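What you see is a predicted model, and the numbers here were worked out from it, not measured in a lab.
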Amino acid sequence: MSVTDLPILGMLRTRMQWHQTRQKLLAENVANADLPGFKPRDLANPDLGRGAGAGAAAGMGGAASFGAMALAQPVGASGAGLAVTSPSHIALAQAGEGPGADPRRVKGFEIRPSGNGVNLEEEMMKAGDNQADYQLASSMYQKSLETLKIAIGKR
């Protein structure tokens with residue numbers, strides 16, 4: 001077993017690759033902020049240690065593991081549920097409610113008359129949070145390698 005095949009290092013590598021992929025999507029959202037009909041996209045959190053994240057953490061290539069990663073639904077999207085023909089027929093849950101809701105999220109979402117749903121302030125907040133999380137994972141990876149070097153006497 002190679003030192004770089006340790007599960008913790010694999011999970012940190014997977015997390016950093018996820019943050020890189022998410023940053024690309026967030027940048028696309030910002031770049032298409034004026035495109036009519038554009039819907040913002042985001043990545044769902046990786047399931048490290050379980051499901052798809054386990055294969056990626058075990059050493060699968062980044063492109064293969066992120067090709068199958070699910071995109072998160074935009075706030076307010078109904079997904080594959082019932083088709084709503086009139087807003088008065090079914091009371092939809094408000095954004096920001098329910099388990100796993102982000103308390104910083106504004107209830108509802110904004111779609112301009114052109115059909116574009118990108119909120120620049122929100123996308124820039126996500127990009128900043130993503131960058132901070134990437135830096136945290138990167139420093140943890142670096143410190144883990146330094147600790148291993150100390151343990152084997154190479155430092």
Closest contact, heavy atoms only, M16 versus A137: CG-CB, 3.8 Å

Kindly give the heavy-atom pair with the smallest separation between G117 and I111, and that separation in Å. CA-CG1, 4.2 Å

Looking only at atom types and distance, does a side-chain atom of [X] sit under 3.5 Å from a main-chain N or O of [Y], one as donor and one as acceptor?
| X | Y | result |
| --- | --- | --- |
| K143 | S138 | no |
| N29 | P40 | no |
| N116 | L35 | yes |
| W18 | A44 | yes |

Stepwise, does the side chain to side chain contact (heavy atoms under 4.5 Å, CB included) test hold for L43 with T21? CA-CA 8 Å; L43 283 181; T21 305; 3.6 Å; yes

Reported [atom1]-to-[atom2] distance for the pair [X] and [Y], which is rounded to 0.5 angstrom:
| X | Y | atom1 | atom2 | answer |
| --- | --- | --- | --- | --- |
| I8 | T147 | CD1 | OG1 | 11.0 Å |
| L9 | M140 | CG | CE | 10.5 Å |
| E122 | D42 | CD | CG | 9.0 Å |
| D129 | L26 | CG | CG | 10.0 Å |
| R22 | D133 | CZ | CG | 8.0 Å |

Exactly one of H19, R15, Q17 should register a side chain to side chain contact (heavy atoms under 4.5 Å, CB included) with Y134. Which one does? H19

Under 4.0 Å between a Lys/Arg side-chain N and an Asp/Glu carboxylate O for K149 and E146? no

Who passes side-chain contact (heavy atoms from CB on, under 4.5 Å) against S2, sequence neighbours left out? T4, D5

Run the side-chain contact (heavy atoms from CB on, under 4.5 Å) test against M124 and tell me which residues pass, sequence neighbours left out. V30

Given the rule that I, L, V, M, F, W and Y join up when any side-chain heavy atoms are under 4.5 Å apart, are L6 and Y141 in one cluster? yes

In this structure, would L145 and M11 fall into the same cluster of hydrophobic residues linked by side-chain contacts under 4.5 Å? yes

Quick note, salt bridge (Lys or Arg N to Asp or Glu O under 4.0 Å) partners involving residues 27-37, not counting sequence neighbours, are E28-R41, D34-R112

